[in-house]
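Here is the structure we will look at, set down as structure tokens.
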Amino acid sequence: MTREFQVQGVRVSELARRYGTPLFVYDGTALRDRFHGLRDRLHPAMEIFYSLKANPNISICALLHSFGARAEVSSLVELTTALRAGVPPQQVIFLGPGKSRQELAACLDTGIYAVVCESIPEVALVDELARERGVKAPVALRVNPRFAVKRSGLAMGGKPRQFGIDEEELFGQNDLVKRFPDVDLMGVQVYMGTRILHEAVIVENTIRILDLAERLSDALNLELRMVDVGGGLGVSYFDGESDLDAQVLTDGLNPVIEDFTARHPGTRLIMELGRYLTAEAGTYVMGVRYTKTSMGERFAVADGGTHHHMAAVGIGSFVKRNFPMAVLNRLDEPATEEWNVTGPLCTPGDTIGKKVPLPPVRPGDLIGVHRSGAYGPTASPGLFLSHGYPAEVLVHEGRCHLVRERDRPDDLLKRQRLYDPTAQDNTTHER
Ligand SMILES: *Cc1c(COP(=O)(O)O)cnc(C)c1O
């Protein structure tokens with residue numbers, strides 16, 4: 001028998017048979033180990049919030065919450081997801097540059113811990129909504145800092161950005177607390193960028209953010225009940241990258257946290273993590289439909305592709321690099337050939353792996369893309385060519401759970417309407 005990829009003893013061929021392909025499989029044990037690998041080493045004063053953007057599946061959120069994660073959300077649906085997953089409102093924060101009135105109202109009505117505001121006009125709107133409701137709105141200010149980090153995959157600070165309020169501008173606004181009487185300015189948030197793979201950079205960011213928060217709280221005379229130091233912890237995908245070492249990272253972070261909490265014992269410290277918590281636990285499984293050659297190169301045409309996994313096409317990189325991939329049903333066969341792994345979309349861009357070293361591929365094989373638990377289907381053009389969403393399965397404690405059904409044709413068609421040439425549209429449009 002050939003060796004097969006398994007998730008907690010469940011063979012990939014069994015998963016494909018039961019749920020079909022393409023399919024995302026999440027390993028609950030991997031999720032738990034990832035969370036605890038950091039949680040158990042990190043200073044207890046630093047709380048870990050899960051950024052639902054990375055993988056908004058409600059079961060993933062619920063499972064991470066069961067391990068101790070709180071939630072950072074950026075849309076009404078993410079907020080609803082976190083609350084339905086059982087995260088208490090006091091463990092939820094909402095951020096994002098373009099929150100609607102409805103979203104801000106929901107933040108106040110559900111009583112979440114903090115609304116992270118990204119502009120002064122947004123603070124003004126929250127102030128107005130709080131006044132209408134007769135409540136005081138807990139608001140943290142997102143700062144666009146003067147400094148930037150080097151060696152971050154996608155830097156957020158030190159540049160003109162739609163995110164946050166420029167550090168310089170904020171220091172000139174020492175009447176904020178007075179200007180917005182129905183807002184409770186209670187904290188500061190900074191997010192320096194994603195995919196950071198150097199422990200020292202994360203420590204350096206944290207030091208600078210805590211320092212900035214202290215200086216701001218002095219300058220604006222705001223109570224510092226919360227500081228959210230962002231995170232941006234990366235995972236390695238490509239050759240030449242290596243994963244963060246949680247021990248090295250926390251050896252660097254913990255004294256910084258200890259020092260800060262000694263000065264500010266009542267301040268809640270938050271780190272918001274997406275990719276770091278979920279990427280490793282997910283595998284994207286595609287079935288090979290056809291194999292062919294073109295001008296001397298081999299192609300495995302699969303049933304899945306970039307419409308579910310745009311991230312695998314390369315992140316912030318012009319040189320195309322491949323995610324770790326394998327023929328999952330024949331793990332022990334040596335990778336003696338190079339294969340282009342492509343999907344069903346009518347665009348050359350639907351190439352999920354270029355010249356991937358694989359064993360000889362046959363129709364019916366299951367090709368897997370590892371480390372695919374973050375920024376998968378929800379960060380991909382899932383509606384392109386109307387294939388819709390794949391199924392998502394969580395394996396936890398040896399049991400399989402279908403946590404998202406595959407889109408069926410009717411799911412994709414039901415919101416379209418065939419116009420009637422003889423009729424006039426009398427629909428009142430909802431906004
Ligand atoms: C995207 C985002 C996150 C999560 O980023 P990861 O790199 O997945 O951890 C956290 N905070 C903010 C503000 C973000 O925009």
Side-chain angles (χ1 to χ4, degrees), residues 49-56 70-82 92-110 112-130 137-149 152-173 176 179-180 183-196 205 209 212-213 216 220 222 226-232 270-275 310-311 315-316 374-375 378-379 431:
F49 278 55
Y50 172 50
S51 302
L52 267 75
K53 181 178 69 178
N55 187 325
R70 291 86 159 91
E72 178 258 295
V73 300
S74 296
S75 70
L76 189 58
V77 174
E78 284 189 2
L79 171 62
T80 311
T81 304
V92 178
I93 61 171
F94 195 128
L95 60 78
K99 303 178 202 74
S100 68
R101 193 183 184 96
Q102 185 195 18
E103 285 170 331
L104 291 169
C107 290
L108 303 189
D109 295 338
T110 55
I112 64 166
Y113 178 64
V115 186
V116 180
C117 285
E118 311 226 11
S119 67
I120 303 289
E122 190 191 348
V123 181
L125 177 54
V126 174
D127 189 52
E128 180 190 319
L129 293 168
V139 164
L141 298 171
R142 178 167 182 182
V143 186
N144 179 27
R146 218 189 297 254
F147 50 88
V149 248
S152 153
L154 185 68
M156 293 282 200
K159 277 194 186 169
R161 288 288 184 202
Q162 71 268 51
F163 308 111
I165 306 165
D166 286 357
E167 180 180 338
E168 292 85 340
E169 185 187 342
L170 262 184
F171 275 95
Q173 307 258 346
L176 272 190
R179 223 186 325 153
F180 301 115
V183 158
D184 171 21
L185 284 174
M186 43 69 85
V188 170
Q189 189 267 9
V190 180
Y191 177 73
M192 297 296 299
T194 186
R195 293 235 321 120
I196 305 173
N205 280 343
I209 293 165
L212 171 61
L216 257 184
L220 306 188
L222 54 95
M226 159 201 147
V227 183
D228 178 344
V229 300
I270 291 175
M271 191 173 237
E272 53 195 36
L273 303 177
R275 186 191 313 277
M310 199 63 189
I315 309 158
Y375 302 106
T378 60
R431 291 202 302 138

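Index from 1, following the sequence. Fair warning: this is a prediction, and the values are worked out from it, not measured in the lab.
Summarising the geometry, atom CG belonging to Leu79 is positioned 6.0 Å from atom CZ belonging to Phe94; distances are rounded to the nearest 0.5 Å. For the atom pair CG of Leu52 and CD of Glu272, the computed distance is 12.0 Å after rounding to the nearest 0.5 Å. A distance of 13.0 Å separates CG in Leu141 from CD in Glu167, rounded to the nearest 0.5 Å. Separating the OH atom in Tyr50 from the CD atom in Glu78 is a distance of 8.5 Å, to the nearest 0.5 Å. With values rounded to the nearest 0.5 angstrom, Leu185 atom CG is found 8.0 Å from Leu220 atom CG. The distance from the OH atom of Tyr191 to the OG atom of Ser51 is 7.0 Å, given to the nearest 0.5 Å.
At a threshold of 4.5 Å between non-hydrogen side-chain atoms, the residues Val139 and Cys117 count as touching. Val227 places none of its side-chain heavy atoms less than 4.5 Å from the side chain of Ile270. With a 4.5 Å cut-off on side-chain heavy atoms, Leu216 and Val143 count as touching. In this structure, the side chains of Lys53 and Glu72 stay at 4.5 Å or more apart for every pair of heavy atoms. Counting heavy atoms from C-beta on, the side chains of Val123 and Leu176 never come closer than 4.5 Å. The shortest distance between side-chain heavy atoms of Asp228 and Val190 does not fall below 4.5 Å.
Ion pairing between a basic and an acidic side chain is recognised when a charged N comes within 4.0 Å of a carboxylate O; Lys99 and Glu122 show such pairing. A salt bridge links Arg101 with Glu128: the distance from a Lys NZ or Arg NE/NH1/NH2 to an Asp or Glu carboxylate oxygen falls below 4.0 Å.
Heavy atoms only, all atoms of each residue included: Glu169 and Ile120 are closest at OE2-CG1, 3.8 Å. What you find for Arg275 and Ala374 is that their closest heavy atoms are CA-CB, 3.8 Å. Here the shortest heavy-atom pairing between Ile209 and Phe147 reads N-CZ, 4.2 Å. Heavy-atom minimum distance, Val126 versus Ala137: CG1-CB, 3.4 Å. Val116 and Gln189 make their closest contact through CG1-CB, 3.8 Å (heavy atoms, listed as atom of the first residue, atom of the second, distance).
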Full working for side-chain contact (heavy atoms from CB on, under 4.5 Å) between Ile165 and Arg142: CA-CA 6 Å; Ile165 306 165; Arg142 178 167 182 182; over 6 Å; no

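Of the N and O atoms on the side chains of Glu118 and Gln162, not one donor lies less than 3.5 Å from an acceptor on the other residue.
For the pair Asp166 (side chain) and Pro145 (backbone), a donor-acceptor distance under 3.5 Å is absent. Side-chain atoms of Glu103 come within 3.5 Å of backbone atoms of Leu76 as a donor-acceptor pair (strictly under, hydrogens ignored).
Just one of Leu104, Ile93, Leu95, Leu129 meets the side-chain contact (heavy atoms from CB on, under 4.5 Å) condition when paired with Val115; it is Leu104.
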